[in-house]
Amino acid sequence: MHPRLPSLFFRTAPTDLVLVGICSDLVPLANANEITEAEIPSVTSLDVEDKKMYQADYKAKAAELVHSLTSGEEAGGKSVGRAFVASRLTSSDLQLKQGEVEDLETKIDTLSLVRATSVTSHLIEMHRYDHNFPRAALDRMEEFINNSDVLPNPDKHAELIREVKLECILSLENSPYLEVRANVHPTDDPTMPRFTFRIWVIGLNPGNFNQKEHMLITIMCSVSFSAPYTNYIVPAQAMPAFFNEKFAYNRGYQYLNTLGTNFVGYGLAGLTRKFLVYPSVAIWPATLNMLGLIKAFHTETNEPVKGPFGRIYRASREKAFLVLFLAMFCYYFFPGFIFQALSVFSWITWIAPNNADLDTVCGFFGGLGLNPWPTFDWNNLTVWLNPLTIPTFAIMNRFIGILLGALMTLAVYYSNSWYTGYLPINGNSAYDNTGNPYIVSAILDSNNQFQDSLYQQYSQAWLSAGYIMSYIWYFALYSATFTFVIIFQGRNLLVGARSMIRAAKKHLGRPVAGIDDADELSEDIHYRLMKQNYKEVPEWQYLIVLLISIVIGMVGVGIYPTNTSPVVLIFGIIMPLIVIIPCGLIQAITGMPVPLNVLAEFIGGALTEGNANALMYFKTYGYIAVYQALYFANDLKLVHYIKIPPRHTFYAQLWATLMYCMVSASIFNFAMGFPDACMADAAFRFTCPNQRTFFTAAIFWGTLSPKRLFGPDKRYNLMLLGFPLGFFLVIAYWILVKKFPRSERLRQMHPIMIAAGPSTWGSPYNMSYFIGNVYVTWLSFQYVRKHYLVFWAKYNYVLAAAFPAGIAISAVVIFALEIPGGGLAINWWGNNIEAVGCEGNGGCPRLTTLPEVGYFGGDPGTFT
């Protein structure tokens, strides 16, 4: 189907349509070819060629609907009403599922034409650049507003008015997004127990958990799903393998810095709710699989739905979850333990394992991963996302970006720019001038301070082609994010600012202006129900949490011999205050985060040159504070959807975070006390790979500093062109959108997602980690959703929750099998092939012979 034309969906099972659609009082229609051009709804914005394609597509969909209604046993070969078919096809632009149309139609008369006009105007402005909003619905609304004949002669445009009113009511009383409606009810029961004793201590209360208790427990537990950032800082400072700074073993130091770094993010999340949680456009797609799981456990209705293979599926959501969970639990033993080559299915490189060029292009570990089918492991698809929850536009734009980045990387590599031909193409380490990993200790004195004389004797630091390209696109990503949000999300920023001003005036006792249609539409039904039934947590309480956490962090840095001024934390906090809303809006709409670690390292390294500890603190408060704030904002959106009282969530999150910090900090010394911890031969494989990466980054950015890498006339100065690249990418997109406002192809492009592809999935990741997401998302959103809408709405997010749960439990069992008695392993080709040749070495350099002097780059003693 042409991408600019409306997508037509069926919203009810054919058997239901038969009951209401075979109407004897309507003009019968036995064949879709009988439909005349006059009976097809007009879309005047289309040109002649597109109009012909639209009419052909309409007739094709009508034929499919007529066939499904007249060929079954219930139909008995009868014809169906023309008006019925027209009604079903034109209103399907709204992507409604079973029962929603009938419910909305009972409310049409309550919405006047004047109010519908006002609401529609605001909806167009709100969703004009909204990639998640159906294009077909937007076309019909613009048709309604732009057609001067509609208001004077409403009877002539009854079907158009009906559709527009349905969309207005849907946006006012529910969500315009099918993804949300499939998982969240637009109602609330404020009497449902939620802040019960058993959410604090599991058990005791009689009866089953309700969904509010279940979600609150889930949110409290989710705080501990990842380690605190001090899990990287403390070992990097304390362990002999790294900086060997004894003060980092101090319990007080560990507690203070763990508390400070975690609660900063929580305070920021609360202060940005009006921008990132309350707006209806802030869907937070990544939360939807959790909502689907909660709904599976607590939904009493179980409607049969028509799905693939012409079958009617009657399994409840809960049963579907259990079956899918068990299936993935069993299946994961193959790629995770029995036949591990299924996980890293680098079949192209198996043809010639030692062929450096083949591995460079197609290798999973050693190359760019240009492999059309690189894995049979669901876990490899979900490194950064769940493809069943992320919109198609976000996945496809990242795919374009990754492909573009791969081609650019090949150009850099095969031209030997920056001497990258002597290095593995996609390595994520720093290398010396002989192509070996950079030994950071070789340029430090006994106090772990940088010594230029040692640096001059050793080597400059060199980066692989993939790493260089990743950094260029990271720089482009940051400038593109700010530019895009200002141009395309300016309206949402203004609405959020107005909401904050109203709240401040109300708190100060000043008169507050009423809420108009624009404000009502921007704050979805779930937020209005929350305001109606529960007291909100005022911003000043979140501000107090933020200020206290900053003070705790400054004390934790200031009273110990960190060789760092506590003022570094203030500079670190300024960065999140600037970037959290732009980055949060992108994540809330696309489901994809904008990682800020590179920006924090770049700015922090420039501000704290020569001081690795100072960089670590700046990076912690500049990067992880935003990460945690958006993680907490994600949780706030979950309780927003489930409608848990904000104050209950506030107290529960504070308590869970406090316990998480205390427990985590209490086991640092225990973990670091394992024999040979963080060494290559450490017991239980406690080799600390993430801490080693963190240590290397601290040295690279803090000790060497960006000035030696990107400063004027430095070897990587040209990489800074990534910043203007991101700016011009968005500006070019904006110009094209203005010139071709009707182009659906352009509407589905997203410059931030394009830039995020080669940065986030750059070195050490590659296309092999991502390509499977394209297939899964396309199958789910573009095929199943379009052809079996109700089936998709019922089961898609259940599947999204079941597969990761099955993998998690299976992985625990596999881990238990591998640990005792030296570990249980299956030694055969299917588990060993991935370690053969270039793949086993993490890639092979193209140029294996060094210049005659024995190194590449500048001569020792001339390094700048």
For Arg181 and Ser175 the tightest heavy-atom approach is NH1-O, 3.0 Å
So, do Lys295 and His185 sit near enough that their side-chain heavy atoms are less than 4.5 Å apart? yes
Could you go through the side-chain contact (heavy atoms from CB on, under 4.5 Å) check for Leu276 and Leu630 one step at a time? CA-CA 9 Å; Leu276 306 180; Leu630 296 181; 3.8 Å; yes
Holding to side chain to side chain contact (heavy atoms under 4.5 Å, CB included), I want the full list of residues that pass it with Pro387, two or more places apart in sequence or in another chain. Trp378, Thr382, Leu385, Asn773, Val776, Thr777
Within this structure, what is the NE2-NZ distance for the pair His787 and Lys306, rounded to the nearest 0.5 Å? 11.0 Å
Asn796 vs Ser780, side-chain hydrogen bond (donor to acceptor under 3.5 Å, both in side chains): CA-CA, chis, key distance, verdict: CA-CA 8 Å; Asn796 182 73; Ser780 173; 2.6 Å; yes
Say you draw a straight line from OG1 of Thr392 to NE2 of His131; how long is it, rounded to the nearest 0.5 Å? 12.0 Å
How long is the gap from OG1 on Thr120 to CD1 on Ile161, to the nearest 0.5 Å? 10.5 Å
Do Leu789 and Leu178 make a side-chain contact, defined as non-hydrogen atoms from C-beta onward lying under 4.5 Å apart? yes
Chi angles and distances behind the side-chain contact (heavy atoms from CB on, under 4.5 Å) call for Phe337, Ser810: CA-CA 10 Å; Phe337 186 64; Ser810 183; over 6 Å; no
Sub-3.5 Å donor-acceptor pair from the side chain of Asn380 to the main-chain atoms of Thr375, do we have one? no
Can you measure from CE (Met753) to CE (Met592) and round to the nearest 0.5 angstrom? 6.5 Å
Residues Val184, Lys643; criterion side-chain contact (heavy atoms from CB on, under 4.5 Å); working and verdict: CA-CA 10 Å; Val184 185; Lys643 302 166 195 69; 4.0 Å; yes
Taken in chain and number order and not counting sequence neighbours, the residues that satisfy salt bridge (charged side-chain N to carboxylate O under 4.0 Å, His left out) with Arg311 are none
Test side-chain contact (heavy atoms from CB on, under 4.5 Å) on Leu138 and Arg135 and set out the steps. CA-CA 5 Å; Leu138 190 63; Arg135 172 82 243 188; 3.8 Å; yes
With a 4.5 Å cut-off on side-chain heavy atoms, are Ser222 and Tyr631 touching? yes
Side chain of Asn397, backbone of His750: donor and acceptor closer than 3.5 Å? yes
Which residue pairs pass the side chain to side chain donor-acceptor pair (under 3.5 Å) test when at least one of the two sits in residues 279-294, sequence neighbours left out? none
Non-hydrogen side-chain atoms of Phe399 and Met767 separated by less than 4.5 Å: yes
For Met290, does the CE atom have more than 12 heavy-atom neighbours from other residues, nucleotides or ligands under 6.0 Å away? no
In terms of heavy-atom contacts, Leu324 and Ala802 come closest through CB-CB, 3.6 Å
Of all residues at least two apart in sequence or in a different chain, which pass the salt bridge (charged side-chain N to carboxylate O under 4.0 Å, His left out) check with Glu173? Lys107
Could you tell me if the side chain of Ile395 sits less than 4.5 Å from the side chain of Phe770, heavy atoms only? yes
Checking Tyr177 against Asp130: is there a side-chain donor and acceptor pair closer than 3.5 Å? yes
I'd like to check the side chain to side chain contact (heavy atoms under 4.5 Å, CB included) partners of Val639; sequence neighbours left out, ordered by chain and number. Ile219, Ile644, Thr649
Taking all non-hydrogen atoms of both residues, which atom of Asn132 and which atom of Pro391 are closest, and how far apart? OD1-CG, 3.3 Å
Measure the CG-CD1 distance between Leu170 and Ile525 for me, rounded to the nearest 0.5 Å. 11.0 Å
Could you check whether any side-chain N or O of Glu213 sits under 3.5 Å from a backbone N or O of Asn210, counting only pairs where one atom can act as donor and the other as acceptor? yes
With sequence neighbours left out, write down each residue that passes side-chain hydrogen bond (donor to acceptor under 3.5 Å, both in side chains) with Gln489, or none if nothing qualifies. Asn492
With rounding to the nearest 0.5 Å, note down the distance linking CZ in Arg398 to CD1 in Ile752. 10.0 Å
With Phe275, which residues qualify under ring-ring contact (aromatic ring centres under 6.0 Å, His included), at least two apart? none
Applying side chain to side chain contact (heavy atoms under 4.5 Å, CB included), can you list everything that pairs with Ala320, at least two apart in sequence or on another chain? Tyr795, Val798
With sequence neighbours excluded, what pairs up with Asp377 under the salt bridge (charged side-chain N to carboxylate O under 4.0 Å, His left out) test? none
Check Ala286 against Thr389 and note the closest heavy-atom contact, atom names and distance. CA-OG1, 4.1 Å
Could you report the tightest heavy-atom contact between Lys165 and Ala116, atom names first, then the distance? CG-CB, 4.2 Å
Specify whether His640 and His526 have parallel, tilted or perpendicular ring planes, treating 30° as the upper limit for parallel and 60° as the lower limit for perpendicular. perpendicular
I'd like to know if Glu303 pairs up with Arg317 as an ion pair, taking the criterion as any Lys NZ or Arg NE/NH1/NH2 lying under 4.0 Å from an Asp or Glu carboxylate oxygen. yes
Strictly by modelled atom types, are Ser171 and Glu167 linked by a side-chain donor-acceptor pair under 3.5 Å? yes
Going by the rule side chain to side chain contact (heavy atoms under 4.5 Å, CB included), which residues pair with Ile400 if we only count those two or more places apart in sequence or in a different chain? Met749
Would you say Met215 and Leu291 make side-chain contact, with heavy atoms under 4.5 Å? yes
Residues two or more places apart in sequence or in another chain: which of them pass ring-ring contact (aromatic ring centres under 6.0 Å, His included) with Phe297? His214, Phe321
Is it true that Glu143 and Arg140 make a salt bridge, defined as a side-chain N closer than 4.0 Å to a carboxylate O? no
Cation-pi check, Lys637 onto Tyr641 ring (under 6.0 Å, within 45° of axis): yes
ring-ring contact (aromatic ring centres under 6.0 Å, His included) against Tyr278, all qualifying residues, sequence neighbours excluded: Tyr527
If you define the side chain from C-beta out and look only at heavy atoms, does anything of Leu166 sit under 4.5 Å from Arg162? yes
With under 30° as parallel and over 60° as perpendicular, where do the rings of Trp792 and Tyr797 fit, or are they tilted in between? perpendicular
Arg194 and Tyr534: which non-hydrogen atoms are nearest, and at how many Å? NH2-CE2, 3.9 Å
Are any non-hydrogen side-chain atoms of Ile814 and Tyr332 less than 4.5 angstrom apart? yes
Relative to the ring of Tyr331, is the ring of Phe334 parallel (under 30°), tilted (30 to 60°) or perpendicular (over 60°)? tilted
